[in-house]
S.K.: 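Sharing a structure, written as structure tokens. Questions coming.
Model, not experiment: these values are computed from the prediction. The figures here come from the full heavy-atom set of this structure, side chains too, leaving out hydrogens, waters and symmetry mates. Here is how names work: the chains are called A, B, and so on, in the same order as the sequence lines, proteins then strands, and each is numbered from 1.
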Protein chains: 2
Amino acid sequence: MALTKQAIVGAALAILDDYGLADLTMRRVADSLGVQAGALYYHVPNKQSLLAAVADHILAERPAVSTPGDPGETLRLWGRGLRSVLLTHRDAAELVASTQVLGLGEVDPCLEGREALIAAGLQQPDATMAALLHFILGHVTGEQTRLQLAQLSVATAPDEAASERDFEWGLGLMIRGICGR
Amino acid sequence: MALTKQAIVGAALAILDDYGLADLTMRRVADSLGVQAGALYYHVPNKQSLLAAVADHILAERPAVSTPGDPGETLRLWGRGLRSVLLTHRDAAELVASTQVLGLGEVDPCLEGREALIAAGLQQPDATMAALLHFILGHVTGEQTRLQLAQLSVATAPDEAASERDFEWGLGLMIRGICGR
DNA sequence: ACCTGAACACCGTTCAAGT
DNA sequence: ACCTGAACACCGTTCAAGT
């Protein structure tokens, strides 16, 4: 059967989950598909765009957030949902951050949050959502890096409850600042 | 003259400024010092620790923030000061973020901010400063990446004023959420 | 003690050549 | 059209050997 971009993205995601972003190389992806590394470049222009496709695939798994009237509550559900999908794939936060900063990727993780801000008539929705996204990606990147360091036993197991508490604290203070109390 | 860790860090910082983080390789650092790559490993255990030393050197350039009574104003000055030093070296935000997440680096950029929070009797100073740091590193990483993309002429020149306005907006909403109005 | 030279085990990417 | 084989120009790191 012929190679597909779909198949390549799937193989890349599997390697991400099993070996992490540092070991997600074009050669490994090709090997797992039983193909030469050069063959990938017939379906994908370069590694960066493959990574963007993987990031999009992960972000697309995010559940739709039901929007009650309160924009603060919508943002809270949005933030928790984003953190949740990121936690389902190894190094996902770092991956999404790197594609986000380069402006690659078709999926906009901020869409629903921004709409909630606009619907509520709040100012500067773009800058607000960018700030929230920076916090979430930074926080989850820290969580996932600590998980990996612990798995390599170069550090003690991280306190999962404390991580979630700190996330809720940061999310809460930002929502407070956005919605005004 | 013999090689020093100081000299290696200085050479690495110069390469960072001139060529960026992606081109900051051990071989390039060695070349600029007129030495073989292997020689660096007599003074530095690995690349990651060299990067941490460079990050520390940059963070040490940060001016001390005078602390007036209002904790919100202290945090604002602290945040602006951190962004300023980061903007003085190419890719500095990405570099600091990567060493911060690994727990490397001796310099704690959050020290003064955390002290201001504690002095004001505010809750969860660690989680609060972590959230602020994530926002700042994420925002400035975006700024510096856009600068580079424009320099490679793959994108139009970024709007510097808009970047600063968005930074002030994000910093402002977080401080509002921290201090309560 | 400090550095060279050379190797090891990799990378991303390109491209003529095959089918 | 799609893939192989092989190369190009790199990496970080190690280590015997020299001085």
S.K.: So, does Tyr41(A) get its side chain near the phosphate of dT13(C), meaning an N or O under 4.0 Å from OP1 or OP2?
M.R.: yes
S.K.: Name the closest nucleotide to the Tyr42(B) side chain, picking from dA1(C), dC11(C), dC3(D).
M.R.: dA1(C)
S.K.: Sort and list the pairs that fulfil ring pair (Phe, Tyr, Trp, His ring centres under 6.0 Å) and have at least one residue in residues 100-142 of chain A, not counting sequence neighbours.
M.R.: Phe135(A)-His139(A), Phe135(A)-Phe167(A), His139(A)-Phe167(A)
S.K.: Give, ordered by number, those residues of residues 43-57 of chain A having at least one heavy-atom distance below 4.0 Å to an atom of DNA chain C; if nothing qualifies, reply none.
M.R.: Asn46(A), Lys47(A)
S.K.: Does any pair with a residue in residues 2-28 of chain B pass side-chain hydrogen bond (donor to acceptor under 3.5 Å, both in side chains), and if so which ones, sequence neighbours excluded?
M.R.: Asp17(B)-His89(B)
S.K.: Counting heavy atoms from C-beta on, name the nucleotide in dC11(D), dC11(C), dC3(C) closest to the side chain of Arg28(A).
M.R.: dC11(C)
S.K.: Can you list the stems that DNA chain D is part of, where a stem is at least 3 pairs in a row, each Watson-Crick or G-U, with both distances below 3.5 Å?
M.R.: C:4-8 with D:12-16, C:12-16 with D:4-8
S.K.: Sequence neighbours excluded, which residues qualify as side chain to side chain donor-acceptor pair (under 3.5 Å) partners of Asp126(B)?
M.R.: Arg114(B)
S.K.: May I ask you to test the Pro158(B)-Leu147(B) pair for a side-chain heavy-atom distance under 4.5 Å?
M.R.: yes
S.K.: Rounding to an integer number of Å, can you tell me how far Leu24(B) CG sits from dC10(D) C1'?
M.R.: 15 Å
S.K.: Taking only residues at least two apart or on different chains, which pairs with a member in residues 68-97 of chain A satisfy salt bridge (charged side-chain N to carboxylate O under 4.0 Å, His left out)?
M.R.: Glu73(A)-Arg76(A), Arg80(A)-Glu168(A), Arg83(A)-Glu143(A)
S.K.: Kindly point out which of dC3(D), dG12(C), dG12(D) is positioned nearest to the side chain of Val35(A)?
M.R.: dC3(D)
S.K.: Counting heavy atoms from C-beta on, name the nucleotide in dC3(C), dC11(D), dC3(D) closest to the side chain of Leu3(A).
M.R.: dC3(D)
S.K.: Do other residues, nucleotides or ligands put more than 12 heavy atoms under 6.0 Å from His57(B) NE2?
M.R.: no
S.K.: Closest approach to the side chain of Gln36(B), judged atom by atom: which nucleotide of dC11(D), dC3(D), dT4(C) is it?
M.R.: dT4(C)
S.K.: Return yes when atom CD of Glu61(A) has more than 12 non-hydrogen atoms of other residues, nucleotides or ligands closer than 6.0 Å, and no otherwise.
M.R.: yes
S.K.: Starting from P on dA9(D), measure out to CG on Asp23(B) and report it in whole angstrom.
M.R.: 17 Å
S.K.: Closest nucleotide of DNA chain D for Ala37(A) versus for Ala39(B): which of these residues is on the 5' side?
M.R.: Ala37(A)
